[in-house]
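Structure, as structure tokens:
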Amino acid sequence: MVFGRVIPMRNPSLRQLEALMAVVEAGTVSRASEILRISQPAASKLIQDLEADTGLQLFERDSGRLVPTGRGMRLYEEVERIFGGVHQLARAVEAIRREEHGQLVIGTMPALSGPFITRVLKLFRARHPDVFVSVEARSSQFLTEAVLLRRLDVVMVISGLEHPSVVGEALKSPPAVAILPKGHRLCEKKELTPPDFADEPFIAFGPTSMMRRKVDAAFDAYGLRPRIVIEATTAPNVAEFVAAGLGVTIGDPLSMEIVADRVAIRRFIPEIAFEYEIVRPVRARNSSLVADFVAAAHSAALSTTIAP
């Protein structure tokens, strides 16, 4: 009896597996060789060696193209899964490295996610240049829940959360101001009151927003209502609509900074006070970094770029 010679199998090399992925994803050996930054013959040799080492036909040759067989696709999917795990491991290593220098995960409502948070981070990073910072802009409700779960280190919201595990402090914005398109007729006045806005197209915040309620109360005191032509739920939208000449509005300076150089600002009477709140866990994991971030936020609030 004659037995066939058994060809010993060898474990694939990392470079062979990279070639497999490149050929499957690129469709041709020539494009795969460009991805791998090797010659086309070298890429073909890697695939041939991989098939020889595994004893599997991984590709069928069709008009100069390599078409993966069923076995080829199964191996590709397994390699892709393994490489994905390697990439996750690399990200974990990078996260551990960042922790050596410290990291801070911040949440901010969209109204403060423009120039204001940029100024805050500029002040903070001047003191902590090596700290990794992640910023998440979401609704106040989402952020307060996230800080309760300790997924965020500190958040800036419109209204705080009363809970024994968190502490909040006011972030004072300068008084609300009148925001006008450049060249508007009301720019002739240094300060404005509700009667000045009679019949003016008004860009309003959403009915449930704190600013909307405060502005409506100021007009109610004069027995007036602004002539609302557009409502928007976010401060950046309100600001952009005014800058585009669609109407006027009244807003807090910190949220209106996004259009500071494209609108006219005037003092508004009666004065409308407006406060955000900084909320953080009672026992923050990065307490010293959180404290410095809070200090930077207060400093940035005092240096707003919008002032009448």
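Starting from 1, each residue takes its place in the sequence as its number. Everything quoted here is computed from the prediction, not taken from an experiment.
The shortest distance between side-chain heavy atoms of I179 and I250 does not fall below 4.5 Å. For the pair L186/E200, a side-chain contact is recorded, criterion being any heavy-atom separation below 4.5 Å from C-beta on. Between V133 and H128 there is no side-chain heavy-atom pair separated by less than 4.5 Å.
Across every non-hydrogen atom of I203 and T249, the tightest pair is O-OG1, 2.6 Å. For the pair L152 and G107, the tightest heavy-atom approach, listed with the atom from each and the gap, is CD1-CA, 4.0 Å. Taking all atoms of both residues into account, the shortest heavy-atom contact from R150 to P281 is NH1-CB, 3.3 Å. Counting all heavy atoms, side chain and backbone alike, E51 lies closest to L58 at OE2-N, 2.9 Å. Counting all heavy atoms, side chain and backbone alike, V120 lies closest to A300 at CG2-CB, 3.6 Å. For the residue pair L246 and P201, the shortest heavy atom distance occurs at O-CB, 3.9 Å.
Residue-environment remark: CZ (R71) stays at or below the threshold of 12 foreign heavy atoms within 6.0 Å. Within a 6.0 Å radius of CZ in R74, no more than 12 heavy atoms belonging to other residues, nucleotides or ligands are found. For R185, the CZ atom is densely surrounded, since the number of other residues' heavy atoms within 6.0 Å is greater than 12. Remark: M210 CE is loosely packed, at most 12 non-hydrogen atoms of other residues, nucleotides or ligands lying under 6.0 Å away. For CD of E169, the number of neighbouring non-hydrogen atoms (other residues, nucleotides, ligands) closer than 6.0 Å is greater than 12. Counting heavy atoms of neighbouring residues, nucleotides and ligands inside a 6.0 Å radius, atom CZ of R127 does not exceed 12 of them.
Checked by atom type and distance alone, the side chain of R267 never pairs as donor or acceptor with a backbone atom of K190 at under 3.5 Å. Checking side-chain atoms of Q57 against main-chain N and O of F59 turns up a donor-acceptor pair under 3.5 Å.
Of the charged side-chain nitrogens involved, none lies within less than 4.0 Å of a carboxylate oxygen, so that E145 and R151 do not count as a salt-bridged pair. Between E78 and R81, at least one side-chain nitrogen of the basic residue sits less than 4.0 Å from a carboxylate oxygen of the acidic one, meeting the salt-bridge criterion. By the 4.0 Å N-to-carboxylate-O rule, R280 lies too far from D153 to be salt-bridged with it. Using a cutoff of 4.0 Å between basic side-chain nitrogens and carboxylate oxygens, R15 and E18 are scored as salt-bridged.
Between the side chains of Q16 and D53, at least one donor N or O lies within less than 3.5 Å of an accepting N or O. Under 3.5 Å, the side chains of E136 and T108 contain no donor-acceptor pair of N or O atoms.
In the hydrophobic cluster analysis, where Ile, Leu, Val, Met, Phe, Trp and Tyr join through side-chain heavy atoms closer than 4.5 angstrom, V24 is grouped apart from L36. In terms of hydrophobic clustering, with Ile, Leu, Val, Met, Phe, Trp and Tyr side chains grouped at heavy-atom distances under 4.5 Å, V67 and I35 are assigned to different clusters. By the criterion of side-chain heavy atoms lying less than 4.5 angstrom apart, applied directly or through intervening Ile, Leu, Val, Met, Phe, Trp or Tyr residues, V135 is grouped together with I278 in one hydrophobic cluster. Residues I269 and F197 do not share a hydrophobic cluster, clusters being chains of Ile/Leu/Val/Met/Phe/Trp/Tyr side chains in contact below 4.5 Å.
Ring planes of F274 and Y276: perpendicular class, angle over 60° (limits at 30 and 60°). Ring pair F124/F293 is perpendicular by interplanar angle, where above 60° counts as perpendicular and below 30° as parallel.
Looking at residues two or more places apart in sequence or on another chain, you find no ring pair (Phe, Tyr, Trp, His ring centres under 6.0 Å) involving F205. Contacts of T234 classified as side chain to side chain contact (heavy atoms under 4.5 Å, CB included), with partners at least two apart in sequence or in another chain: P236, N237.
Geometric assessment of R119 against the ring of F116 yields a negative cation-pi assignment under the 6.0 Å and 45° thresholds.
The side-chain contact (heavy atoms from CB on, under 4.5 Å) test with V242 singles out one residue from V263, I230, V259, and that residue is V263.
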